[in-house]
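Heads up, the thing below is written out as structure tokens.
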Amino acid sequence: MKVTIVGAGNVGATCADVISYRGIASEVVLLDIREGFAEGKAMDISQCATNTGFNTKVSGVTNDYSKTAGSDVVVITSGIPRKPGMTREELIGINAGIVKSVADNVLQHSPDALIVVVSNPMDTMTYLTLKATGLPKNRIIGMGGALDSSRFKYYLSKALDKPSNDVSAMVIGGHGDTTMIPLTRLASYNGIPVSEFLSSEQLAKVAADTMVGGATLTGLLGTSAWYAPGASVAYLVDSILNDQKKMIACSVFLEGEYGQSDICIGVPCIIGKNGIEQILDINLDENEKALFAKSADAVRNMNQDLKSVLA
Ligand SMILES: NC(=O)C1=CN([C@@H]2O[C@H](COP(=O)(O)OP(=O)(O)OC[C@H]3O[C@@H](n4cnc5c(N)ncnc54)[C@H](O)[C@@H]3O)[C@@H](O)[C@H]2O)C=CC1
Ligand SMILES: O=C([O-])CC(=O)C(=O)O
């Protein structure tokens with residue numbers, strides 16, 4: 001199976017590294033506009049093969065989309081990341097044009113590919129990709145919820161002082177500092193509600209830390225994070241290529257689910273070889289419903305900025 005990653009920067013290269021290391025795909029192509037950059041990243045990753053023991057073929061190209069032909073999955077990580085103090089939404093001006101042109105280019109050579117959108121503001125970039133390409137909704141998957149949920153589990157595990165892998169939890173809503181909805185009510189420690197172990201004050205702090213998880217890392221690193229984002233994309237790609245049918249929160253086009261239409265936003269989905277195979281329209285309580293409606297309003301508002309790009 002062939003995966004192309006457009007944007008060989010921090011997130012794209014980490015994603016290529018994890019996909020190769022874990023043998024998720026037989027071939028990975030990294031593409032970037034920076035001369036020689038993707039070639040260098042691919043060579044460096046390939047030189048891990050004998051020490052970490054993988055056989056994935058990894059190559060890099062400078063803006064040559066012919067080398068991406070026949071990809072099963074294309075991941076879009078091209079565009080600028082935020083700097084400390086910025087929101088993801090501020091990236092729209094530059095990233096919208098990049099994402100649209102990349103989506104057009106990849107489809108010329110891989111007309112049947114599933115597209116995983118990572119560039120920020122991710123929900124709006126997912127909506128843009130769907131509208132600009134006209135592809136069916138199952139083929140356009142926004143990655144944000146997998147990452148936000150892993151951060152939620154991290155903060156829960158810290159509060160519980162127990163391993164992250166014993167925690168089950170999900171974040172839905174927009175992939176933004178104020179639009180994420182960590183589903184605290186449904187989070188569990190090996191099936192036992194976390195509210196058995198943590199006070200409402202502790203749970204409120206975990207939710208607040210989760211929502212600004214990306215901003216916290218951006219403040220510490222000077223640019224946004226890449227290890228967990230790259231691993232989250234690889235997790236999603238694994239579920240697609242190996243038809244694992246995992247339930248993953250993804251940004252997907254809604255047509256009435258959660259009372260919303262004409263928007264891409266994070267909800268639990270079943271992910272398999274056909275991309276988004278099912279949207280789970282779960283029952284939210286009144287507070288969660290209100291948060292979801294508010295999150296959708298903010299994402300829809302951001303989508304208004306696409307008018308000139310989509311015209
Ligand atoms: N959805 C999510 O959960 C996450 C999204 N992101 C977003 O992913 C994007 C990438 O982040 P990083 O990898 O940290 O940035 P980066 O700056 O390290 O890498 C971006 C790469 O895109 C390349 N690029 C720019 N325009 C291009 C074009 N037209 N064609 C091909 N390549 C192009 C650049 O040369 C650069 O190498 C950002 O927009 C960031 O906000 C980052 C982390 C998580
Ligand atoms: O924080 C950012 O700008 C990058 C991102 O989406 C994340 O790490 O969640």
Side-chain angles (χ1 to χ4, degrees), residues 4-17 29-42 60-65 67-68 74-106 116-126 128-129 141-152 154 171 173-180 209-236 248-251 264-266 299:
T4 284
I5 301 169
V6 182
N10 285 336
V11 178
T14 305
C15 173
D17 192 32
V29 177
L30 276 166
L31 182 148
D32 205 284
I33 42 164
R34 212 171 124 188
E35 190 69 42
F37 190 61
E39 287 85 337
K41 290 286 179 99
V61 289
T62 304
N63 227 18
D64 178 0
Y65 281 86
K67 298 291 192 309
T68 70
V74 174
V75 177
I76 303 183
T77 51
S78 46
I80 54 164
R82 63 173 158 171
K83 295 253 179 288
M86 288 173 76
T87 65
R88 296 178 181 85
E89 287 76 9
E90 287 174 69
L91 306 173
I92 191 170
I94 294 178
N95 287 355
I98 293 175
V99 169
K100 183 171 181 296
S101 73
V102 166
D104 289 344
N105 283 329
V106 292
V116 176
V117 181
V118 182
S119 309
N120 274 315
M122 183 278 295
D123 298 290
T124 298
M125 294 302 101
T126 305
L128 166 65
T129 306
I141 309 163
M143 196 299 292
L147 171 63
D148 301 333
S149 301
S150 73
R151 288 187 179 139
F152 188 24
Y154 163 83
V171 175
H175 179 62
D177 297 342
T178 57
T179 56
M180 276 176 219
D209 287 346
T210 301
M211 291 174 76
V212 295
T216 300
L217 286 161
T218 304
L220 292 168
L221 298 168
T223 183
S224 57
W226 57 90
Y227 292 113
S232 302
V233 180
Y235 179 76
L236 186 58
I248 304 175
C250 295
S251 187
C264 292
I265 191 166
V299 171

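Keep in mind that what you see is a predicted model, and the values were worked out from it rather than measured. We count ligands from 1, going down the list as the structure has it; atoms in each ligand are counted the same way.
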With no hydrogens and no angle check, is any side-chain donor or acceptor of Asp32 less than 3.5 Å from a backbone partner on Ala8?
yes
For the side chain of Thr179 and the backbone of Gly174, is there at least one donor-acceptor N/O pair under 3.5 Å apart?
yes
How close does the nearest protein non-hydrogen atom get to [atom], and which residue and atom is it?
atom: atom 21 (C) of ligand 1; value: Asp32 OD2, 3.7 Å
atom: atom 5 (C) of ligand 1; value: Val118 O, 2.9 Å
atom: atom 19 (O) of ligand 1; value: Gly9 CA, 3.2 Å
atom: atom 17 (O) of ligand 1; value: Pro81 CD, 3.5 Å
atom: atom 29 (N) of ligand 1; value: Ile98 CG2, 3.6 Å
atom: atom 38 (C) of ligand 1; value: Ile80 O, 3.2 Å
atom: atom 8 (O) of ligand 2; value: Arg151 NH2, 2.8 Å
atom: atom 30 (N) of ligand 1; value: Ile33 CG2, 3.6 Å
atom: atom 18 (O) of ligand 1; value: Asn10 N, 2.9 Å

Side-chain contact, heavy-atom cut-off 4.5 Å: [X] with [Y]?
X: Val29; Y: Val61; value: yes
X: Thr218; Y: Lys83; value: no
X: Asp209; Y: Phe152; value: no
X: Tyr235; Y: Ile248; value: yes
X: Tyr154; Y: Thr210; value: no
X: Asn10; Y: Pro81; value: no
X: Val116; Y: Val74; value: no
X: Tyr65; Y: Val102; value: yes

Between atom [atom1] of [X] and atom [atom2] of [Y], what is the distance when rounded to the nearest 0.5 Å?
X: Leu30; Y: Cys15; atom1: CG; atom2: SG; answer: 8.5 Å
X: Lys67; Y: Leu31; atom1: NZ; atom2: CG; answer: 10.5 Å
X: Asp123; Y: Cys264; atom1: CG; atom2: SG; answer: 7.5 Å

Under 4.0 Å from a heavy atom of Leu147: which atoms of ligand 2 are those, numbered in the order shown and with their elements?
7 (C), 8 (O), 9 (O)
Numbering as shown, the atoms of ligand 2 that approach Arg82 to under 4.0 Å (heavy-atom distance)
1 (O), 2 (C), 3 (O)
Return the option from [options] holding the heavy atom at the smallest distance from [atom].
atom: atom 4 (C) of ligand 2; options: Ser224, Pro229, Gly219; result: Ser224
atom: atom 44 (C) of ligand 1; options: Gly142, Ser232, Pro229; result: Pro229
atom: atom 12 (P) of ligand 1; options: Leu217, Val11, Thr223; result: Val11
atom: atom 7 (C) of ligand 1; options: Thr126, Thr62, Asn120; result: Asn120
atom: atom 25 (C) of ligand 1; options: Gly79, Gly144, Ser101; result: Gly79

Which pair of heavy atoms, one from Ser150 and one from Ser232, lies closest together, and at what distance?
OG-OG, 4.3 Å
Could you pull out the closest heavy-atom pair between Arg151 and Ala225, with the gap in Å?
NH2-CB, 3.7 Å
Exercise answer: donor-acceptor pairs, residues 85-98 side-chain atoms, under 3.5 Å, sequence neighbours excluded:
residue: Thr87; atom: OG1; partner: Glu89; partner atom: N; Å: 3.4
residue: Thr87; atom: OG1; partner: Glu90; partner atom: N; Å: 3.3
residue: Thr87; atom: OG1; partner: Glu90; partner atom: OE2; Å: 3.4
residue: Arg88; atom: NE; partner: His175; partner atom: NE2; Å: 3.2
residue: Arg88; atom: NH1; partner: Asp177; partner atom: OD1; Å: 2.9
residue: Glu90; atom: OE2; partner: Thr87; partner atom: N; Å: 2.9
residue: Asn95; atom: OD1; partner: Ile80; partner atom: N; Å: 2.8
residue: Asn95; atom: ND2; partner: Ile80; partner atom: O; Å: 3.1
residue: Asn95; atom: ND2; partner: Asn120; partner atom: O; Å: 2.8

Val75 and its side-chain contact (heavy atoms from CB on, under 4.5 Å) partner, picked from Val11, Ile5, Leu236:
Ile5
Test Val6 against every option in Ile33, Asn63, Val106, Val118 by the side-chain contact (heavy atoms from CB on, under 4.5 Å) rule and name the one that passes.
Val106
Using a 4.0 Å heavy-atom threshold (strictly under), name the region of Asp148 that reaches ligand 1: side chain, backbone, both or neither.
neither
Counting only heavy atoms, which portion of Leu147 has something under 4.0 Å from ligand 1: side chain, backbone, both, or neither?
side chain
Ligand 1 atoms in contact with [X] (distance to a heavy atom under 4.0 Å):
X: Val6; result: 31 (C)
X: Phe37; result: 37 (O)
X: Thr77; result: 9 (C), 10 (C), 20 (C)
X: Leu91; result: 41 (O)
X: His175; result: 1 (N), 2 (C), 3 (O)
X: Asn95; result: 39 (O)
X: Met122; result: 1 (N)

Looking only at heavy atoms of Met122, does any of them come nearer than 4.0 Å to an atom of ligand 2?
no
Check whether any heavy atom of His175 sits under 4.0 Å from an atom of ligand 2.
yes
Is it the side chain (CB and beyond), the backbone, both or neither of Leu217 that lies under 4.0 Å from ligand 2, heavy atoms counted?
neither
Counting heavy atoms only, which part of Met143 comes closer than 4.0 Å to ligand 2: side chain, backbone, both or neither?
neither
Determine, using heavy atoms of Trp226 and all atoms of ligand 1, whether some pair is separated by less than 4.0 Å.
no
Going by heavy atoms, is Met143 under 4.0 Å from ligand 1?
yes
